[in-house]
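These notes are about the structure you will find just below.
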Amino acid sequence: MRIHLSDHFTYGKLLRFTLPSIAMMIFTSVYSVVDGLFVSNFAGKTPFAAVNLIFPVLMILGTVGFMFGTGGTAIVAKTLGAGNHEQANRYFSLFVYFAFTVGVLLAALGFVLIRPIAAAMGAVGELLDCCVLYARIVLLALPMFSLQILFQSFFVAAEKPKLGFWVTLSSGCTNMILDSVLCTLLPQEWKLVGAAVATAVSQTVGGLIPLFYFFRPNDSLLRLGSTRFDGKAVWRACTNGSSEFMSNISMSVVSILFNLQLIKYAGENGISAYGVMMYVSMIFTAVFVGYSIGSSPVISYHFGTQNTGELKSLLHKSLVICGSVGVGMVAAAELMSVPLARLFVGYDAELKDLTVSGFRVFALSFAFIGFGIFMSGFFTALNDGLTSAIISFVRTLILESAAVLILPMLFGINGIWFSTVFAEGAAVVLGVVFLFAKRKRYRY
């Protein structure tokens with residue numbers, strides 16, 4: 001039975017509705033992990049370190065998709081809730097076209113500046129060449145990657161979350177099949193190129209399929225068509241999606257700081273160990289990101305209809321879900337630390353031991369991270385981009401940056417691993433303060 005945005009959501013219905021988005025984000029993370037596995041085990045330790053070093057920069061350039069996906073979806077879903085379907089489709093078309101245009105411009109800019117950026121991050125010699133080679137190939141698909149991210153949110157607003165999952169599955173399978181072929185059959189010096197091509201092609205698939213779907217007649221709530229430029233609407237989407245924009249930029253900046261600190265305290269091994277943690281963390285975090293993507297249009301819709309009772313119910317259920325899943329993740333991560341490290345870097349005993357010891361500390365952050373992600377998404381869904389941006393900015397940039405710079409001076413390399421735990425725990429406190437401060441305004 002099809003679930004509609006206007007329904008009353010029990011725990012079961014909420015989980016069923018958000019499950020495709022959760023699965024979509026998990027699978028997106030899984031195929032990124034597979035990419036890392038092939039690079040590490042076939043291309044070698046230096047190319048693996050290069051991918052982990054330059055990946056945050058690529059994510060910064062791709063954040064336009066997050067911004068217009070989350071910020072635009074909140075506007076579109078609220079407009080649908082108010083009963084204006086034609087205006088909702090005009091907004092939808094505007095955000096898709098604008099995000100693609102910005103993606104083209106950022107790809108061109110990144111192609112030119114990627115070498116000096118990588119050098120400024122500490123890459124030299126072979127590491128620098130690998131960073132530039134991988135990034136320039138992936139940047140060719142940046143406009144499509146921006147659309148792939150954007151459509152992940154809009155599929156939910158269109159009441160087609162399952163279709164979003166199948167698109168992601170197609171993109172992920174493309175990446176994994178190409179990785180398995182190119183990284184194993186190409187000569188050693190071309191294996192990194194093969195991994196980059198696999199990523200670029202998969203991102204293109206993930207962006208093109210939704211374009212074809214929404215341009216054609218379909219039975220969803222949304223369809224691409226003619227529109228006109230509306231600077232005010234674009235600005236509203238930017239401000240409303242600024243939290244996700246800042247969150248992704250901040251996480252990328254923090255990753256760069258992590259890499260700089262790890263070069264100082266542990267050298268190339270530190271970057272590789274952190275890369276393993278990031279790949280695993282992407283899968284766990286994807287559960288919460290997917291839940292936020294899946295639940296936000298529902299929250300926006302009921303906010304648009306002024307159904308405060310349902311809004312309150314959605315908030316309470318979501319907090320319970322985030323807490324329960326977070327505790328389970330910590331237990332799972334502690335149990336899997338050794339086999340996961342062996343899977344990625346089992347060929348190097350010293351690197352494996354460093355990865356295991358660091359991951360056991362880092363994994364404690366999973367108990368808190370879901371709250372920060374959901375609370376930021378919750379305020380975005382309420383069209384309160386400022387509050388959402390403050391939570392994201394403080395959580396990902398201020399708290400974690402300060403921690404990763406200060407704690408290593410007190411605790412050495414363990415301070416680097418613990419900095420995420422500290423930042424996520426403090427972010428929960430900040431989110432609770434805002435929930436209480438805003439409860440009368442939004443009546444949840």
Side-chain angles (χ1 to χ4, degrees), residues 2 5 19-28 30-32 61-73 75-77 79-80 85-107 137-179 197-229 233-234 237 241 290 293-294 297:
R2 183 170 175 175
L5 296 177
L19 186 60
S21 298
I22 294 171
M24 176 177 65
M25 292 308 300
I26 290 175
F27 200 80
T28 301
V30 167
Y31 78 71
S32 297
L61 295 176
T63 49
V64 63
F66 286 105
M67 180 170 65
F68 284 102
T70 55
T73 296
I75 293 172
V76 170
T79 306
L80 288 171
H85 284 227
E86 289 186 7
Q87 182 62 47
N89 277 294
R90 284 195 290 269
Y91 282 145
F92 170 55
S93 301
L94 171 65
F95 299 146
V96 170
Y97 303 152
F98 193 82
F100 178 80
T101 303
V102 174
V104 171
L105 297 176
L106 290 176
I137 294 172
V138 174
L139 281 169
L140 295 175
L142 183 69
M144 287 293 107
F145 177 57
S146 298
L147 290 185
Q148 180 183 6
I149 296 171
L150 175 144
F151 283 123
Q152 288 173 344
S153 295
F154 278 115
F155 270 122
V156 183
E159 292 185 346
K160 289 289 184 179
K162 291 182 180 179
L163 184 56
F165 168 73
W166 288 113
V167 170
T168 301
L169 184 65
S170 301
S171 174
C173 287
T174 300
N175 189 43
M176 289 187 285
I177 291 171
L178 288 177
D179 265 332
V197 169
T199 298
V201 172
S202 69
Q203 291 174 349
T204 301
V205 169
L208 277 178
I209 294 176
L211 275 178
F212 285 123
Y213 175 79
F214 283 114
F215 267 125
R216 295 171 59 85
N218 61 75
D219 63 348
S220 78
L221 297 181
L222 300 175
R223 185 180 175 187
L224 287 170
S226 61
T227 188
R228 60 181 178 81
F229 182 75
V234 170
I293 289 174

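Using the six-membered ring where Trp is involved, Phe92 and Phe214 have ring planes that are perpendicular, over 60° apart on the 30 and 60° scheme.
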Side-chain atoms of residues 151-159: list all donor-acceptor pairs with protein atoms under 3.5 Å, sequence neighbours left out, distances to 0.1 Å.
| from | atom 1 | to | atom 2 | distance (Å) |
| --- | --- | --- | --- | --- |
| Glu159 | OE1 | Arg2 | NH2 | 3.3 |
| Glu159 | OE1 | His4 | ND1 | 3.3 |
| Glu159 | OE2 | Leu5 | N | 3.0 |

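Atom CD of Gln203 is separated from atom CG of Leu140 by 10.5 Å, given to the nearest 0.5 angstrom. A distance of 12.0 Å separates CD1 in Ile75 from CG in Leu80, rounded to the nearest 0.5 Å. Atoms OG and NZ, on Ser21 and Lys162 in that order, are 12.0 Å from each other to the nearest 0.5 Å. Residue Thr174 holds its OG1 atom at 9.0 Å from CE of Met176, rounded to the nearest 0.5 Å. Distance check: Phe68 CZ to Leu147 CG gives 11.5 Å after rounding to the nearest 0.5 Å. Put simply, CG on Leu222 and NZ on Lys160 are 11.5 Å apart, with the number rounded to the nearest 0.5 Å.
Counting only heavy atoms from C-beta outward, the side chains of Trp166 and Leu169 approach each other to under 4.5 Å. Contact check for Ser146 versus Val102: no side-chain heavy atoms found under the 4.5 Å cut-off. Proximity of Asn175 to Val201: side-chain heavy atoms (C-beta onward) are nowhere separated by under 4.5 Å.
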(request) Mind running side chain to side chain contact (heavy atoms under 4.5 Å, CB included) on Thr199 and Ile137 for me, showing each step along the way? (result) CA-CA 9 Å; Thr199 298; Ile137 294 172; over 6 Å; no
(request) Give the intermediate values and the outcome of side chain to side chain contact (heavy atoms under 4.5 Å, CB included) for residues Phe100 and Met144. (result) CA-CA 7 Å; Phe100 178 80; Met144 287 293 107; 3.3 Å; yes
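The closest donor-acceptor contact from the side chain of Ser171 to the backbone of Ser202 lies under 3.5 Å.
By the side-chain contact (heavy atoms from CB on, under 4.5 Å) test, Ala23 is found to be paired with Phe165, residues two or more places apart in sequence or in another chain being considered.
Leu224 and Ser93 make their closest contact through CA-OG, 3.5 Å (heavy atoms, listed as atom of the first residue, atom of the second, distance). Of all non-hydrogen atoms in Ala198 and Leu178, the two that sit nearest each other are CB-CB, 3.6 Å. The minimum heavy-atom distance linking Gly103 with Leu142 is given by the pair O-CD2, 3.7 Å. In terms of heavy atoms, Leu150 sits closest to Ala99 at CD1-CB, 3.7 Å. In this structure, Leu139 and Pro143 approach most closely via the heavy-atom pair O-CD, 4.2 Å. Across Tyr213 and Ser220, no two heavy atoms sit closer than the pair OH-CB, 3.7 Å.
When each of Thr73, Val76, Thr227 is paired with Phe95, the side-chain contact (heavy atoms from CB on, under 4.5 Å) condition holds for Val76 and for no other.
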